[in-house]
There are 2 protein chains.
Amino acid sequence: MDDIDRRIVAALQRDGRITNVELAELVGLSPTPCARRVARLEAEEVITGYGARVDPVRVGLPVSIFVSVELERQDREAITTFERAVVTLPEVMECYLMTGSRDILLRVVAEDLTTFNHFLEERLMRLPGIRSIRSNFALRTLIRRQSLPLGPNGS
Amino acid sequence: MDDIDRRIVAALQRDGRITNVELAELVGLSPTPCARRVARLEAEEVITGYGARVDPVRVGLPVSIFVSVELERQDREAITTFERAVVTLPEVMECYLMTGSRDILLRVVAEDLTTFNHFLEERLMRLPGIRSIRSNFALRTLIRRQSLPLGPNGS
DNA sequence: ACTGAAAATGACGCGCG
DNA sequence: CGCGCGTCATTTTCAGT
């Protein structure tokens, strides 16, 4: 991972459909070695794939809710069991194991609060090993960045 | 936004480099009308762009920290001022205006805790209008989904 | 469906560490 | 001596008509 690799990754994060020729001249390489680097970055799973960026509001999912889940037990097995269950819920966009009270933080998307409530009662609360749940609603999304800060100054 | 549109968006979220021909047969259309729909979805900003998916760990940003920021004042102007300042920090991947204590929730990425601490003291705490800051660390990322749940069953 | 264009792939020679 | 870049030619594939 040298500086050119970082510039390649940064450029592909901004525009995943850039052609190899354009990318090459952006990073100051000729097409062939540039393509080689991209292939290597993909093989190393630095780049894990390519996708369209979609506006959640315009596809009818304007609401984000942060849900803190406390498990009955916090050992490795309980966490694994919960993890395997929670990945089956497509509404859960992010899931983190947190320090502190060692609970779990989810970001869930929903059409509206009614839909979320239904999701909460019928789906999430039925997962195994949950002691308590606490929900916090996002009124508005100020930032949702798609590009990681790469490079020295954070490209 | 009909069902075919949703399938197009879902397919492009999974693979943003799929060709129009492949996409067309995936959704059961011939290439030309399929391309028209994609162009429309882009024009309507349902699809806002295309990007590479990058593994945060493999580019040296394995740590996510959730930072709750309480502002001194919670009126529209104070929020706007803060928003304009916080977008200049590339480490801030997400930023939400929350209900309840009406504070702001950030997800920040960092190389390690030392780097984060530096970011906190030298950058974030210097933003205008902050009353208090509280940080919660993610030990592990269990899910980071890139595709919104579209369609009836959540494609 | 066709045509024109552009990009990805492979082979080869070169320079630098 | 080996690794990585550059140029060239070939083949495939895509978008526009």
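Treat the numbers as computed from the prediction; the structure is a model and nothing was measured. Note that these values count all heavy atoms, side chains included, but never hydrogens, waters or copies made by symmetry. Reminder, nothing fancy here: chain letters follow the sequence lines and each chain counts from 1.
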Tell me which donor-acceptor pairs under 3.5 Å the side chains of residues 19-39 of chain B have, and how far apart each pair is, sequence neighbours excluded?
from, atom 1, to, atom 2, distance (Å)
B/T19, OG1, B/E22, N, 3.3
B/T19, OG1, B/E22, OE1, 3.1
B/N20, OD1, B/A35, N, 3.4
B/N20, ND2, B/P31, O, 3.0
B/E22, OE1, B/T19, N, 3.2
B/R37, NH1, B/D2, OD1, 3.0
B/R37, NH1, B/D2, OD2, 3.2
B/R37, NH1, B/D5, OD1, 2.9
B/R37, NH2, B/D2, OD2, 3.2

Tabulate below the donor-acceptor pairs under 3.5 Å that side-chain atoms of residues 78-92 of chain A make, not counting sequence neighbours, or state none.
from, atom 1, to, atom 2, distance (Å)
A/T80, OG1, A/R76, O, 2.9
A/T81, OG1, A/E77, O, 2.9
A/T88, OG1, A/A85, O, 2.6

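Among the atoms of the strands shown, only primed sugar atoms or phosphate atoms (P, OP1, OP2) are found under 4.0 Å from some heavy atom of B/T19. Residue A/R37 is classed as a sugar-phosphate contact, given heavy-atom separations below 4.0 Å to backbone atoms only.
Across the protein-nucleic acid pair, A/L23 atom CG and C/dA6 atom C1' stand 16 Å apart, rounded to whole Å. Going from atom CG of A/N20 over to atom P of C/dA5 covers 21 Å, rounded to whole Å. Atom P of nucleotide C/dA7 and atom CG of A/L26 are separated by 13 Å, given to the nearest angstrom. Atom CD1 of A/I18 is separated from atom C1' of C/dA6 by 15 Å (rounded to the nearest Å).
The ring-ring contact (aromatic ring centres under 6.0 Å, His included) pairs that include a residue from residues 120-140 of chain B are B/F116-B/F137, where partners are two or more places apart or lie in different chains. Residues in residues 15-67 of chain A take part in these ring-ring contact (aromatic ring centres under 6.0 Å, His included) pairs, two or more places apart or across chains: A/F66-B/Y96.
B/E111 places a side-chain heavy atom less than 4.5 Å from the side chain of B/L61.
You can see that DNA chain D meets the heavy atoms of chain B within a 4.0 Å-exclusive cut from D/dC14 to D/dA15, reading 5' to 3'.
Both A/P31 and B/T32 sit near DNA chain C, but only B/T32 has its closest nucleotide nearer the 5' end.
Residues that satisfy the ring-ring contact (aromatic ring centres under 6.0 Å, His included) test with B/F119, not counting sequence neighbours, are absent from this structure.
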